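First comes the structure, then the notes that go with it.
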2 protein chains.
Amino acid sequence: MNSKGRVQSIDRAIAVLNCFSLKRQELRLTEIADELDLNKSTAHGIITTLKYHGLIDQDEESQKYRLGLKLLELGGIVKESIGIREIAKPYIDEIRSKLEETVHLGTLDKKEVVYLEKAESHQSMRIVTTIGSRMPAYCTGIGKAMLAYVDEQTVLDLLPDEIERFTPNTITDKNQLIEELKKIRDQGYSLDNQEHDLGLTCVGAPIFDNLGNASYGISVSGPSIRITEDRIKEIITIVKDAADKISRELGYCE
Amino acid sequence: MNSKGRVQSIDRAIAVLNCFSLKRQELRLTEIADELDLNKSTAHGIITTLKYHGLIDQDEESQKYRLGLKLLELGGIVKESIGIREIAKPYIDEIRSKLEETVHLGTLDKKEVVYLEKAESHQSMRIVTTIGSRMPAYCTGIGKAMLAYVDEQTVLDLLPDEIERFTPNTITDKNQLIEELKKIRDQGYSLDNQEHDLGLTCVGAPIFDNLGNASYGISVSGPSIRITEDRIKEIITIVKDAADKISRELGYCE
DNA sequence: ATATTTCATTCAGTATTGTCGAACTTAATT
DNA sequence: AATTAAGTTCGACAATACTGAATGAAATAT
């Protein structure tokens with residue numbers, strides 16, 4: 001057993017799975033072994049095991065490896081087990097049809113936002129994401145809406161020493177971010193003005209559970225050119241209203 | 001290393017993940033350890049590792065374990081990597097709006113069908129499944145449509161000695177099944193007449209890739225009371241037509 | 001055609017590592 | 001306060017995973 005009470009070979013197996021991403025869907029054994037600094041035959045044993053159980057598939061022709069269908073099954077179980085999804089879905093759909101912009105439901109996992117559910121805009125220029133995908137919390141609508149209700153010291157601990165800058169608008173100063181979170185708490189909504197992607201604006205609001213914790217968030221994301229100054233008031237009202245209604249369904253009483 | 005070239009602790013870790021299902025979303029350490037015949041502390045080490053990486057979450061209050069959000073992420077990558085989904089989605093949606101029944105895209109994994117994409121009927125009595133979930137191939141629309149193009153001996157090898165009966169209509173005789181598959185090949189479509197669930201009827205058709213392999217299938221599933229004799233001809237035409245069009249988009253030439 | 005390179009895969013010996021059992025906590029129940 | 005039933009921690013030992021080298025297979029270069 002590892003010093004931290006973990007099992008080395010399982011750590012390594014998961015590291016193998018983590019080598020894959022939307023951008024790197026196919027990998028060779030050698031690539032994986034090199035990346036993780038594993039002996040080729042060690043990596044081979046791990047991959048053989050993952051493959052046997054369907055967590056990894058191997059292309060017969062190219063011999064390359066990719067994530068396996070078993071993960072689709074496991075992911076499906078996780079998705080179904082997220083109770084908030086069913087509750088929030090009608091509200092998300094309603095916002096989408098009102099605004100015709102992409103709407104997300106998400107939650108905080110450490111310093112990241114995980115998207116749990118979505119309703120995509122039908123417009124040809126629209127925001128597209130994958131359920132289960134992650135984004136840094138400090139520069140996204142849902143992320144900031146939720147961070148605003150996390151204890152300040154915890155927020156500071158979550159953030160790395162050097163906050164990564166994605167655009168000129170990214171808030172990289174910790175004090176400034178803390179101020180921003182205060183403001184969000186006062187207003188009850190968050191605004192991501194192109195802080196992660198240029199041209200992408202986002203309005204978020206927190207959802208509270210029966211214990212009063214801001215455990216989820218929703219947001220509307222669209223091209224900045226459509227989420228304009230004069231439209232934003234309306235969007236904020238709609239998002240806050242939906243978030244409040246979902247909170248109430250979760251048993252939250254203010 | 002295991003006799004089969006696999007890594008024991010990874011085998012066990014995956015066995016732990018497989019303990020969970022839609023029906024068993026929360027488990028205790030002891031339950032898992034008992035089920036897999038592992039020492040409690042062995043199971044604990046494995047679970048600690050899975051938890052550290054987010055493949056398993058632990059409820060703070062009840063201490064119970066459940067599958068973690070990381071699996072949602074990995075499942076999302078798998079889903080995005082399935083190219084056929086994007087191609088087939090418009091056709092699936094079209095069938096759904098024509099028939100207002102649930103439509104599936106699926107593939108064969110050994111002896112099981114895996115659902116890759118769906119469009120759900122809007123009617124209140126409708127078929128609901130989860131993407132990534134599995135069904136035995138020999139008693140489902142997509143499954144039979146695809147098995148019909150698998151080499152007969154391989155089909156026989158896939159099937160267990162005793163074919164499980166789910167309803168009075170389940171085909172449990174191997175010879176009869178082989179005959180059924182021949183018929184399906186002739187007709188170009190499959191019919192699942194309440195073979196897995198009483199009251200559920202399903203029309204399926206195979207999709208061929210550029211190499212001529214029946215590598216996917218689509219199906220329409222609905223309550224038998226709506227998928228009636230006089231409606232079925234129309235459904236068959238629609239399903240076959242869509243399957244053909246998708247096959248052509250994949251580069252299949254007859 | 002043959003040599004060369006680049007992969008994936010297999011194998012046996014060794015030392016690292018995972019596993020076991022027992023002890024310890026914590027919380028709920030009697 | 002005692003008892004049960006859970007999760008967690010720890011040290012010792014032996015089973016197990018890992019290494020490194022050899023083998024196979026396929027593609028590319030000569």
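Keep in mind the model is a prediction, meaning the values are calculated, not measured. Each chain gets a letter, A, B and so on, in the order its sequence line appears, and its residues count up from 1.
What you find for A137(B) and V113(B) is that their closest heavy atoms are CA-CG2, 3.9 Å.
Side-chain contact check for E249(B) and Y91(B): at least one donor-acceptor pair (N or O, by modelled atom type) lies under 3.5 Å. Side-chain N/O atoms of R6(A) and T48(B) include no donor and acceptor closer than 3.5 Å. Side-chain N/O atoms of N18(A) and H53(B) include no donor and acceptor closer than 3.5 Å.
Only one option out of L250(B), I142(B), L108(B), I246(B) pairs with Y216(B) in a side-chain contact (heavy atoms from CB on, under 4.5 Å); it is L250(B). With respect to V16(B), the side-chain contact (heavy atoms from CB on, under 4.5 Å) criterion is satisfied by exactly one of L55(B), D11(B), I47(B): I47(B).
Rounded to 10°, the angle separating the first-five-pair axis and the last-five-pair axis of the helix from dA1(C)-dT30(D) to dT30(C)-dA1(D) equals 40°.
The CZ-P distance, from R12(A) to dC18(D), rounds to 5 Å in whole Å. The separation between D11(B) atom CG and dT19(C) atom P is 11 Å, rounded to whole Å. Remark: C1' of dG7(D) and CG of D34(B) are 13 Å apart, rounded to the nearest angstrom. Atom CG in L38(A) sits about 12 Å away from atom C1' in dA17(D), given to the nearest Å. Remark: P of dG7(D) and CG of D59(B) are 12 Å apart, rounded to the nearest angstrom. What separates CD1 of I32(B) from P of dA6(D) is a distance of 13 Å, to the nearest Å. Between I56(B) atom CD1 and dT8(D) atom P the separation is 12 Å, expressed in whole Å. With rounding to whole Å, R6(A) atom CZ is found 15 Å from dT19(C) atom P.
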*How does protein reach along nucleotides 5-10 of chain C, written 5' to 3' as B (base within reach of a heavy atom under 4.0 Å), S (only sugar-phosphate), or - (no contact)?*
--SBBB
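Phosphate contact (OP1/OP2 of dG21(C), side-chain N/O of N39(B), threshold under 4.0 Å): present. Look at Q8(B) and you'll find a side-chain N or O under 4.0 angstrom from OP1 or OP2 of dT19(C).
The structure places CG of L50(B) at 13.5 Å from CZ of R12(B), a figure rounded to the nearest 0.5 Å.
Y149(A) has its ring centre less than 6.0 Å from the ring centre of F208(A).
In this structure a side-chain-to-backbone donor-acceptor pair under 3.5 Å is missing from N213(B) to S215(B).
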